[in-house]
Amino acid sequence: MSKLPVKKTSAARWSLRIFAAIVLIFLMAPILAIIPLSFNSEPFFTYPMPGLSWRWYEAVFASGDWQLAGRNSFIVAIGATILATALGTLAAIGLNRPDCPWAMALAAIIISPIVIPVVVAAVGIFYFYADIGLLNSLTGLILSHTALGAPFVTITVAATLAGFDHRLMRAAASLGASPAIAFRRVMLPIIMPGVVSGAIFAFVTSFDDVVVALFITGAEQKTLPRQMWSGLREQISPAITAVATLLILVAAALMLTANALQARQDRINNPAAA
């Protein structure tokens, strides 16, 4: 009688794992199908492929349009990540203070860019930038991507701060440390995994955005996603699949890094479970 519940639990666990694997394959199959097409020797999006070739990757790296788009994407993503990380971290620290007034209302406002549809946000940004002259500029795109990425930093840093012992800051202050020094030497090293994870999410959000870029950028400010969109509308080329493969690899590497950092933070917060 004592072994029956164990068998039922084991069967249920394996059934859940198999179901999760099927769902994962179903979700990942359309994405993974793009990767082999980027090595197609012919300009067709069909299987089976007549042969393999690196020609589309060579075409991407030799194209001035793709080079400009790639350079713009990295400039915008890096700038937006720096700003979003700084602002999101400060917001999370402020919201985590016990004496923060209207913490729930402020938190709802800060994370609202995640809840609001991107198209609605893009339209609002377009009309606002039209009044202040930030349309068709990388500065405007960096600021808009900062607004989209900062909520992710706030959420990840706030989750890290949930396990932070604020007595450490009071101890540092009692030893003569200023708030800035206490933050840099005491709090920041402890919450760094959450800060880096949030920065990764902000970078990916900026690097993959196409909707906002379509509304507020011109020909000289094209990013990789917008260049891909234009290529699909004007002339379908397998070079787009090569760029998509590179973006998939970059996003996957960043997400694995974020998961590793989150696992490290969980081990720090719960050493007994580790």
Side-chain angles (χ1 to χ4, degrees), residues 63-97 100-158 195 197-235 240 243 247 250-251 254:
S63 171
D65 291 337
W66 286 111
Q67 290 178 8
L68 175 63
R71 183 167 61 252
N72 288 339
S73 287
F74 277 104
I75 291 173
V76 171
I78 293 173
T81 299
I82 293 173
L83 292 176
T85 303
L87 295 176
T89 301
L90 293 175
I93 294 173
L95 292 173
N96 189 254
R97 292 177 60 88
C100 177
W102 307 302
M104 294 298 294
L106 291 174
I109 294 173
I110 291 172
I111 67 172
S112 60
I114 300 178
V115 181
I116 298 174
V118 181
V119 174
V120 176
V123 172
I125 292 171
F126 171 81
Y127 283 108
F128 177 68
Y129 281 4
D131 291 335
I132 63 176
L134 281 179
L135 287 179
N136 301 330
S137 67
L138 291 182
T139 302
L141 190 58
I142 290 173
L143 293 177
S144 60
H145 283 182
T146 299
L148 296 178
F152 293 98
V153 181
T154 302
I155 291 172
T156 55
V157 175
V195 174
S197 297
I200 291 173
F201 282 111
F203 183 89
V204 172
T205 300
S206 173
F207 205 74
D208 289 345
D209 172 72
V210 63
V211 178
V212 175
L214 284 172
F215 273 83
I216 67 173
T217 60
E220 295 299 322
Q221 298 83 36
K222 282 187 176 181
T223 59
L224 284 175
R226 176 169 176 177
Q227 182 67 23
M228 294 171 66
W229 174 271
S230 300
L232 288 172
R233 293 188 61 187
E234 298 168 3
Q235 181 182 1
I240 297 174
V243 177
L247 293 179
V250 170
L254 292 174

Item to check | Under 3.5 Å: donor-acceptor pair, side chain of Arg226, backbone of Thr217 | outcome: yes
Item to check | Under 3.5 Å donor-acceptor, Tyr129 side chain and Gly140 backbone | outcome: yes
Quick one: [atom1] on [X] to [atom2] on [Y], what's the gap to the nearest 0.5 Å?
X      : Y      : atom1 : atom2 : result
Leu95  : Ile155 : CG    : CD1   : 11.0 Å
Met228 : Trp66  : CE    : CH2   : 6.0 Å
Leu135 : Phe126 : CG    : CZ    : 5.5 Å
Ile132 : Tyr127 : CD1   : OH    : 15.5 Å
Phe201 : Ile114 : CZ    : CD1   : 10.0 Å
Thr223 : Ile75  : OG1   : CD1   : 12.0 Å

Checklist entry - Taking C-beta and beyond as the side chain, do Leu143 and Leu83 meet within less than 4.5 Å on heavy atoms? => result yes
Which pair of non-hydrogen atoms, one from [X] and one from [Y], has the smallest distance, and what is that distance?
X      : Y      : value
Ala122 : Val211 : CB-CG1, 4.0 Å
Ala202 : Gly149 : CB-O, 3.9 Å
Ile200 : Leu254 : CG2-O, 3.4 Å
Ile216 : Ile125 : CG2-CG2, 4.0 Å

Item to check | side-chain hydrogen bond (donor to acceptor under 3.5 Å, both in side chains) contacts in which one or both residues fall within residues 133-158, not counting sequence neighbours | outcome: His145-Ser206, His145-Asp209
Item to check | Name of the residue among Asp65, Leu68, Asn72, Val210 meeting side-chain contact (heavy atoms from CB on, under 4.5 Å) with Gln227 | outcome: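 Only one option passes, and that is Asp65.
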Next on the checklist: Go through it in stages, so that I can follow the logic: the residues are Val153 and Val195, the test is side-chain contact (heavy atoms from CB on, under 4.5 Å), and I'd like the CA-CA distance, side-chain angles, deciding distance and then a yes or no.
Outcome noted: CA-CA 7 Å; Val153 181; Val195 174; 5.6 Å; no
Next on the checklist: List the residues meeting side-chain contact (heavy atoms from CB on, under 4.5 Å) with Phe207, not counting sequence neighbours, and say none if there are none.
Outcome noted: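 Partners of Phe207 by the side-chain contact (heavy atoms from CB on, under 4.5 Å) criterion, ordered by chain and then number, come out as Ser73, Phe74, Ala77, Phe203, Leu224, Leu247.
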